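Here is the structure we will look at, set down as structure tokens.
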Amino acid sequence: MRILFMGTPDFAQICLQALVKAGLEVVAAVTQPDKPRGRGYQMIPPPVKVYAQAQEIPVYQPQTLRDGAFAETLEQLAPDVIVVAAYGKILPPYIIEYPRLGCINAHGSLLPKYRGAAPIQRAIMDGEQETGITIMYMNQGLDTGDMLLWEKTPIGDTDDFASIHDRLAHIAGGLLVRVLPMLESGEAVPVKQDDALATYAAKIEKADCVLDFSMNAQSLLWKIRGLSPYPLSMTRAPDGKLLKIVSATLSEGVTQQPAGTITEVSDRGFCVACGDGKQILVTGVLPEGKGRMSAADFVRGRRIQAGERLAWTI
RNA sequence: CGCGGGGUAGAGCAGUCUGGUAGCUCGUCGGGCUCAUAACCCGGAGGCCGUGAGGUUCAAAUCCCACCCCCGCAA
């Protein structure tokens with residue numbers, strides 16, 4: 001079975017790796033063009049490209065899929081199936097309709113919930129108890145195609161974006177390896193999504209990262225975890241500098257202090273008053289201009305004291 | 001040449017503007033107090049202040065020059 005893989009970031013790279021290790025025939029990988037990223041705008045290749053090249057799988061990085069050039073490439077590759085995982089471009093109909101076994105996608109949620117760009121983060125931020133991977137046929141809609149296979153995984157109190165992302169990526173790889181033979185043999189049973197239950201997981205914007213301490217402690221923790229280790233929730237330190245929160249836990253006790261007040265600093269970190277009177281213990285931070293450090297170290301550097309406030313005031 | 005922060009003891013920082021051989025919180029080691037302790041007290045070790053047998057100076061962590069490295073933002 002000739003497989004054409006399309007994907008870009010780590011998540012996709014892990015999926016591709018699963019296919020390769022399962023001995024499946026990946027004839028080529030399509031990924032986003034190298035882009036100037038990071039400090040100094042260095043050209044950084046997408047993870048999928050790095051891995052594919054190491055495996056000597058041909059890599060294509062079309063600027064656009066909407067011209068004849070890629071159509072020609074597609075003819076030459078003649079895939080039986082196209083596997084998409086976080087590719088980052090909309091596929092035109094002619095591509096979706098090309099493979100005889102179809103075009104399938106690994107999505108990071110239990111569809112029809114969390115359709116869209118940031119399903120993993122949103123699920124954690126919303127305090128969902130579980131999430132998962134859904135393998136589905138692609139169609140012209142936004143993650144609306146018929147579902148083929150799915151697997152759930154619980155979201156625990158200590159999970160964050162990194163842990164769930166990593167777990168889901170491996171689940172996705174496993175499901176893809178399972179579903180491909182099913183497509184070939186015709187065992188796969190497409191299940192329609194119930195649009196009435198659909199929700200959307202919009203891309204994470206900077207505004208989504210700002211912490212509002214008038215929210216209750218639990219919601220703040222969900223938000224912090226869903227955005228860690230990237231892009232990280234943020235607030236402003238008493239000195240007005242940006243302060244990103246890497247990790248936090250629920251602190252015992254309640255307080256009368258206004259939301260955002262630093263109620264206590266200790267060798268474990270510092271506590272912040274939340275809207276419901278509870279407090280969160282911040283344990284890891286990333287101060288503006290610095291690297292990640294434990295909140296204990298942050299406190300030791302004398303950068304914060306009890307009684308001061310965190311707020312997003314501009 | 002995208003914008004910006006920084007490299008001082010194992011960690012996080014101060015000191016740099018207003019040159020005069022280094023300080024704070026913690027860790028660590030030793031001792032003490034205590035029924036006991038991650039608590040408290042006393043004491044010690046640990047730094048060629050990123051690199052350059054650079055420049056200026058009587059004197060440089062501090063001023064000037066060059067270079068290396070790390071990080072945040074934005075994409």
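All chains are named by letter (A, B, ...) in the order of the sequence lines, taking the proteins before the strands, and each is independently numbered beginning at 1. This is a predicted model, so every value here is computed, not measured.
Here the separation of B:U8 from B:A14, taken at their C1' atoms, is 10 Å to the nearest Å. Comparing B:G15 with B:U34, their P atoms sit 42 Å apart, to the nearest whole Å. The gap from the P atom of B:G19 to that of B:A61 amounts to 14 Å, rounded to the nearest Å. Here the separation of B:C64 from B:U16, taken at their C1' atoms, is 14 Å to the nearest Å. Going from the C1' atom of B:C41 to that of B:C33 covers 7 Å, rounded to whole Å. Comparing the C1' positions of B:C58 and B:G43 gives an interatomic distance of 38 Å, to the nearest angstrom. Only the P atoms considered, B:A9 is 8 Å distant from B:G50, to the nearest whole Å. Going from the C1' atom of B:U51 to that of B:G7 covers 11 Å, rounded to whole Å.
We find the CD1-NE2 distance between A:I120 and A:H107 to be 8.5 Å, quoted to the nearest 0.5 Å. In this structure, NZ in A:K89 is found 8.5 Å from OG1 in A:T8, a value given to the nearest 0.5 Å.
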For residues 123-134 of chain A, which side-chain N or O atoms pair as donor and acceptor with protein atoms under 3.5 Å away, sequence neighbours left out?
residue : atom : partner : partner atom : Å
A:D126  : OD2  : A:Y114  : OH           : 2.7
A:E128  : OE1  : A:K113  : NZ           : 3.4
A:E128  : OE2  : A:K113  : NZ           : 3.4
A:E128  : OE2  : A:Y114  : OH           : 2.9
A:T134  : OG1  : A:S109  : O            : 2.6
A:T134  : OG1  : A:L111  : N            : 3.1

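Whole-Å rounding puts the A:D267 CG to B:A39 C1' distance at 11 Å. Summarising the geometry, the separation between CZ on A:R300 and C1' on B:G10 is reported as 12 Å, rounded to the nearest angstrom. A:R303 has its CZ atom 13 Å from the C1' atom of B:U25, to the nearest Å. Rounded to a whole Å, the CZ atom of A:F270 is 14 Å from the C1' atom of B:G12. Rounded to whole angstrom, the span from the NZ atom of A:K35 across to the C1' atom of B:G2 amounts to 17 Å. Rounded to an integer number of Å, the gap from A:D297 CG to B:G12 P is 6 Å. In this structure, the CZ atom of A:R268 is 24 Å from the P atom of B:A11, given to the nearest Å.
Remark: B:G2 base-pairs with B:C73. Criterion, Watson-Crick or G-U wobble with two distances under 3.5 Å. Base pairing analysis places B:G23 opposite B:C13; the two distances defining the Watson-Crick or G-U wobble pair are each below 3.5 Å. Pair assignment for B:C40 gives B:G32, based on Watson-Crick or G-U wobble hydrogen-bonding distances that are each under 3.5 Å. B:U57 is unpaired under the criterion used here, namely a Watson-Crick or G-U wobble arrangement in which both key atom distances are under 3.5 Å. Under the Watson-Crick or G-U wobble criterion, with both distances below 3.5 Å, B:C67 is paired with B:G50.
No donor-acceptor distance shorter than 3.5 angstrom exists from the side chain of A:Q17 to the backbone of A:Y51, with no hydrogens or angles considered. Without hydrogens or angle criteria, A:R303 side chain to A:P238 main chain gives no donor-acceptor distance under 3.5 Å. No side-chain donor-acceptor contact under 3.5 Å links A:K49 to the backbone of A:P33. Using a distance-only test at 3.5 Å, with no hydrogens or angles considered, no donor-acceptor pair links the side chain of A:S228 to the main chain of A:S247.
Place A:G301 and A:K241 on RNA chain B by their nearest nucleotides, and A:K241 ends up nearer the 5' end.
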Can you give one letter per nucleotide of nucleotides 69-75 of chain B, going 5' to 3': B for a protein heavy atom under 4.0 Å from the base, S for sugar-phosphate only, - for none?
--BBBBB

Test log, rule side-chain contact (heavy atoms from CB on, under 4.5 Å), inputs A:L24 and A:L176:
CA-CA 11 Å; A:L24 295 166; A:L176 287 170; over 6 Å; no

